[in-house]
> 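This is the structure I want to talk about, given as structure tokens.
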Amino acid sequence: MEKSEKFRHIAGHLLSKRESGNGVSDFPEGLTLDAIEDVLAIQKLMIKLNDETVYGWKCMLPSSNGAITLAPLLHKPISATKNCPLNTKNNKALIEPEIAFILNKDLWALKEYTNEQIDNAIGSAHLALELIENRFCEQYVATQFEKLADGLSNQGVYIGPEVRLEKAYKSNNITLIVKQEGHKSSNVIGQHPGDLPQKPLYWAINFLSANGFKLEKNQVFITGSYNGLMEVDINKDVQIIYEGLGEIHVKFEKKLT
């Protein structure tokens with residue numbers, strides 16, 4: 001099988017499993033990815049298959065060994081509604097508390113952008129929850145390239161209240177208070193994995209531009225969780241307080257397929 005045909009097969013496979021709501025992303029036998037360039041090619045194909053639509057990007061700074069954390073958001077963000085549908089197992093919602101940045105202008109591909117130019121392209125910052133879904137079987141050992149191609153377990157983003165941009169830029173750590181019916185409230189000091197939430201944004205925009213991705217107005221960037229992966233019950237009101245920034249009130253519910 002030629003590489004281009006292989007990539008088309010993988011992109012179609014991953015997107016179909018994501019759209020089914022309960023699909024398994026395990027790679028068919030004989031289909032492998034060998035480099036980050038393979039992943040980027042598949043991400044471009046998935047965007048094309050997704051009606052040429054990408055709603056933003058999930059990113060973090062590269063790790064100390066150079067590993068990349070970057071994936072397109074292929075589902076429209078859910079904005080500040082009371083109920084948030086998602087794919088779920090065991091009546092639990094898997095979420096990651098983050099800050100989201102929203103572009104106010106297009107940024108063309110194959111250009112290098114300064115931090116100041118990127119700052120000027122950010123229209124707003126918001127409290128946000130990344131919605132997580134592991135689409136690989138427990139028995140399947142996915143490679144990092146396979147996880148990247150599959151979107152790093154992303155199934156969407158919930159966009160909460162707006163935060164003043166200057167406050168967001170200073171939020172290297174946040175006290176998070178989580179309250180839910182039937183549970184004791186929890187309190188944790190969350191640390192951003194990139195030190196400051198805008199740092200991965202600066203890296204990601206230039207990396208995407210250098211690799212031929214045009215970034216468009218209203219795209220959303222999430223840049224790392226303040227408290228790793230969190231699990232809450234569905235069908236119960238959840239209150240997540242980002243101390244000093246605001247709070248999110250939401251009820252998660254199982255998405256109908």
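The chain is numbered in sequence order, starting from 1. As the structure is a prediction and not an experimental result, all values here were calculated from the model.
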> Under a 4.5 Å cut-off applied to non-hydrogen side-chain atoms, are Leu103 and Phe221 in contact?
yes
> For His75 and Asn50, does a side-chain donor sit closer than 3.5 Å to a side-chain acceptor?
no
> So does Lys92 have more than 12 non-hydrogen atoms from other groups sitting under 6.0 Å from NZ?
yes
> Does either side chain, that of Glu216 or that of Tyr55, offer a donor lying less than 3.5 Å from an acceptor on the other one?
no
> I'd like to know if the side chain of Glu146 reaches the main chain of Thr32, judged simply by a donor and an acceptor atom lying under 3.5 Å from each other, with no hydrogens or angles considered.
no
> Under 6.0 Å from the six-membered ring centre of Phe136 and within 45° of its axis: does the NZ or CZ of Lys147 meet both?
no
> Only one of Ile205, Leu61, Asp195, Leu70 clears side chain to side chain contact (heavy atoms under 4.5 Å, CB included) with Pro200; which?
Leu61
> So do Val54 and Gln219 actually touch side chain to side chain, heavy atoms under 4.5 Å?
yes
> What's the separation between atom OG in Ser171 and atom CG in Leu245, rounded to the nearest 0.5 Å?
4.5 Å
> Which ring pair (Phe, Tyr, Trp, His ring centres under 6.0 Å) pairs, counting each pair once, include a residue from residues 92-134, with sequence neighbours left out?
Phe101-Tyr169
> Look at atom CG of Leu229 and say whether more than 12 heavy atoms of other residues, nucleotides or ligands are closer to it than 6.0 Å.
yes
> Name the residue from Leu15, Leu14, Thr53 that meets the side chain to side chain contact (heavy atoms under 4.5 Å, CB included) definition with Leu74.
Leu15
> Other residues, nucleotides and ligands only: do more than 12 of their heavy atoms fall within 6.0 Å of NZ on Lys214?
yes
> If every non-hydrogen atom of Cys84 is compared with every non-hydrogen atom of Leu131, which pair is closest and at what distance?
SG-CD1, 3.8 Å
> About how many Å separate OH of Tyr242 and OG1 of Thr175, when rounded to the nearest 0.5 Å?
13.0 Å
> Under the rule for salt bridge (charged side-chain N to carboxylate O under 4.0 Å, His left out), what residues qualify as partners of Asp119, not counting sequence neighbours?
none
> Can you find a heavy atom in the side chain of Leu73 that is under 4.5 Å from one in the side chain of Lys58?
yes
> May I ask you to say whether Lys6 pairs ionically with Asp38, meaning some side-chain N is under 4.0 Å from a carboxylate O?
no
> Is atom CD of Glu116 surrounded by more than 12 heavy atoms (other residues, nucleotides or ligands) closer than 6.0 Å?
no
> When rounded to the nearest 0.5 angstrom, what is the spacing between CG in Leu152 and CD1 in Ile68?
11.0 Å
> So, Thr69 side chain and Cys59 main chain: donor-acceptor pair closer than 3.5 Å or not?
no
> Do other residues, nucleotides or ligands put more than 12 heavy atoms under 6.0 Å from the NZ atom of Lys179?
no
> Check this for me: does any side-chain nitrogen of one of Asp106 and Lys217 sit under 4.0 Å from a carboxylate oxygen of the other?
no
> If we ignore angles and hydrogens, is there a donor and acceptor under 3.5 Å between the side chains of His192 and Ser225?
no
> Are side-chain N/O atoms of Gln239 and Gln180 paired as donor and acceptor at under 3.5 Å?
no
> Between Leu94 and Ile248, is there a shared hydrophobic cluster once you connect ILVMFWY residues whose side-chain heavy atoms come closer than 4.5 Å?
no
> Just wondering, more than 12 heavy atoms not from Glu181 lying within 6.0 Å of its CD?
no
> Kindly say whether Ile102 contributes a backbone atom to a donor-acceptor pair with the side chain of Ser124 at under 3.5 angstrom?
no
> Counting neighbours of CG on Asn83 that are heavy atoms of other residues, nucleotides or ligands and sit closer than 6.0 Å, is the number greater than 12?
yes
> List in chain and number order the residues that pass side chain to side chain contact (heavy atoms under 4.5 Å, CB included) with Asn65, two or more places apart in sequence or in another chain; answer none if no residue qualifies.
Ser63, Ala67
> Do Arg18 and Arg135 come within less than 4.5 Å of each other through their side chains, counting heavy atoms only?
yes
> Between Glu130 and Asn154, do the side chains contain an N or O donor and an N or O acceptor separated by less than 3.5 Å?
yes
> Could you tell me whether Lys82 atom NZ has more than 12 heavy atoms of other residues or ligands within 6.0 Å of it?
yes
